[in-house]
Amino acid sequence: MTILLNNHGYDNESWRQEFCLQLPQFPVKVFGQQPIDPEEVVYAMVWNHPPGDLQRYPKLKAIFSLGAGAEHFVSDPTLPDVPVVLLADPAVARDMAAHVLYWVLTFHRRYGDYRAQQQGRVWHRKPIVPTDRFRAGVVGLGRIGTEVARRLAGFGYAVSGWDASDRELEGVECHSGLGALDGFLAQNDVIINALPLSEKTRHFLGAGVFVSMRSGSFFINISRGAVVHDEALLEALDNGHLAGAALDAFAEEPLPANHRYWSHPNVFVTPHMSGATFPSSAVAVISNNVRRFEKGLEVYPLFNREAGY
Ligand code: GLV
């Protein structure tokens with residue numbers, strides 16, 4: 001009855017300690033650090049596991065992700081036929097919403113301009129629209145997009161959202177379907193991308209989308225770089241149609257040193273830090289799911305193999 005920690009790219013020790021604390025009934029073994037009898041593994045906690053590894057454990061009952069994304073499952077064609085549970089850590093969604101708020105405030109209230117003015121000791125207040133007239137549009141109303149939309153609305157912004165399917169969110173004007181996309185894009189001062197990456201959404205935000213956005217508007221990406229068509233975004237920034245972009249995720253990470261985003265005057269680059277996953281909160285969420293699973297109760301959110309997220 002062992003938990004396997006198969007976590008590539010994070011500090012395993014803090015995760016191991018947290019699992020030992022929160023699920024003391026299960027010994028925790030770390031992939032690559034100690035001998036593991038494949039027969040003893042019942043739960044696998046994974047992030048970027050080596051494809052193929054998870055089929056080595058005949059008694060595996062469920063797989064749990066240690067991060068929000070699901071690409072590490074999509075890229076493993078040998079994923080065993082057991083429930084795969086993604087991570088919906090409210091602390092991560094909250095932090096991502098805070099990151100978005102930072103950029104919405106920066107764009108709306110011109111904090112970048114004031115920094116530049118300070119260099120020249122210039123005291124000049126820029127005209128801005130009231131908060132409830134600054135329109136923020138969230139593309140993708142999944143768990144993270146919903147939290148972003150709710151929190152921005154809580155600060156008084158005029159928030160709308162778009163999703164492929166119908167959604168309802170208090171205080172947020174919701175639009176759905178491709179037919180409604182252009183109108184939604186055209187009405188916003190800033191568009192925030194919170195779509196998951198799948199074969200359907202790869203390069204979904206391309207030239208057509210950026211052209212439909214309001215002239216002088218801003219773009220924020222907190223999901224995955226490959227949802228954006230980079231050349232189309234650069235074109236919209238170069239020709240001045242878009243006034244700026246704050247990008248936290250890129251098709252290739254780390255962002256290559258020669259990429260144009262680094263030096264573009266209207267692009268803000270952050271190194272995929274908008275929602276770090278901390279073991280202290282994530283393991284509590286995962287452990288709760290493990291306890292529910294043990295009792296035969298529903299676990300959430302399950303990875304949808306067909307949709308890819
Ligand atoms: C990070 O991007 C994650 O998916 O957890």
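For ligands, and for the atoms within them, numbers begin at 1 and follow the listed sequence. Throughout, numbering of the chain's residues begins at 1 and tracks the sequence. Note that this is a predicted model, so its numbers are computed, not measured.
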- prompt: Mind checking what makes side-chain hydrogen bond (donor to acceptor under 3.5 Å, both in side chains) contact with Asp11, not counting sequence neighbours?
  reply: Ser14

- request: Using the test side-chain hydrogen bond (donor to acceptor under 3.5 Å, both in side chains), find all partners of Asp132 that sit at least two apart in sequence or belong to another chain.
  value: none

With His108 via ring pair (Phe, Tyr, Trp, His ring centres under 6.0 Å) - residues at least two apart: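 His108: ring pair (Phe, Tyr, Trp, His ring centres under 6.0 Å) contacts with Phe134, Tyr157.
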
task: Determine, step by step, whether Arg143 and Glu147 satisfy the salt bridge (Lys or Arg N to Asp or Glu O under 4.0 Å) criterion, reporting the C-alpha distance in whole Å, the side-chain angles of both residues, the deciding distance to 0.1 Å, and the verdict.
output: CA-CA 6 Å; Arg143 292 177 294 280; Glu147 184 69 5; over 6 Å; no

field: The single option from Glu18, Arg16, Met45 passing side-chain contact (heavy atoms from CB on, under 4.5 Å) against Val28
entry: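 With Val28 as partner, Glu18, Arg16, Met45 yield a single side-chain contact (heavy atoms from CB on, under 4.5 Å), made by Arg16.
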
task: State yes or no: are the ring centers of Phe303 and Tyr309 separated by less than 6.0 Å?
output: no

One pair per line, please: each N/O atom of ligand 1 matched with every protein N/O atom under 3.5 Å away, atom names first, then the distance to 0.1 Å.
| from | atom 1 | to | atom 2 | distance (Å) |
| --- | --- | --- | --- | --- |
| ligand 1 | 2 (O) | Arg224 | NH1 | 2.9 |
| ligand 1 | 2 (O) | Arg224 | NH2 | 3.4 |
| ligand 1 | 2 (O) | His272 | NE2 | 2.6 |
| ligand 1 | 4 (O) | Ala68 | N | 3.4 |
| ligand 1 | 4 (O) | Gly69 | N | 2.5 |
| ligand 1 | 4 (O) | Arg224 | NH2 | 2.8 |
| ligand 1 | 5 (O) | Ala68 | N | 2.7 |

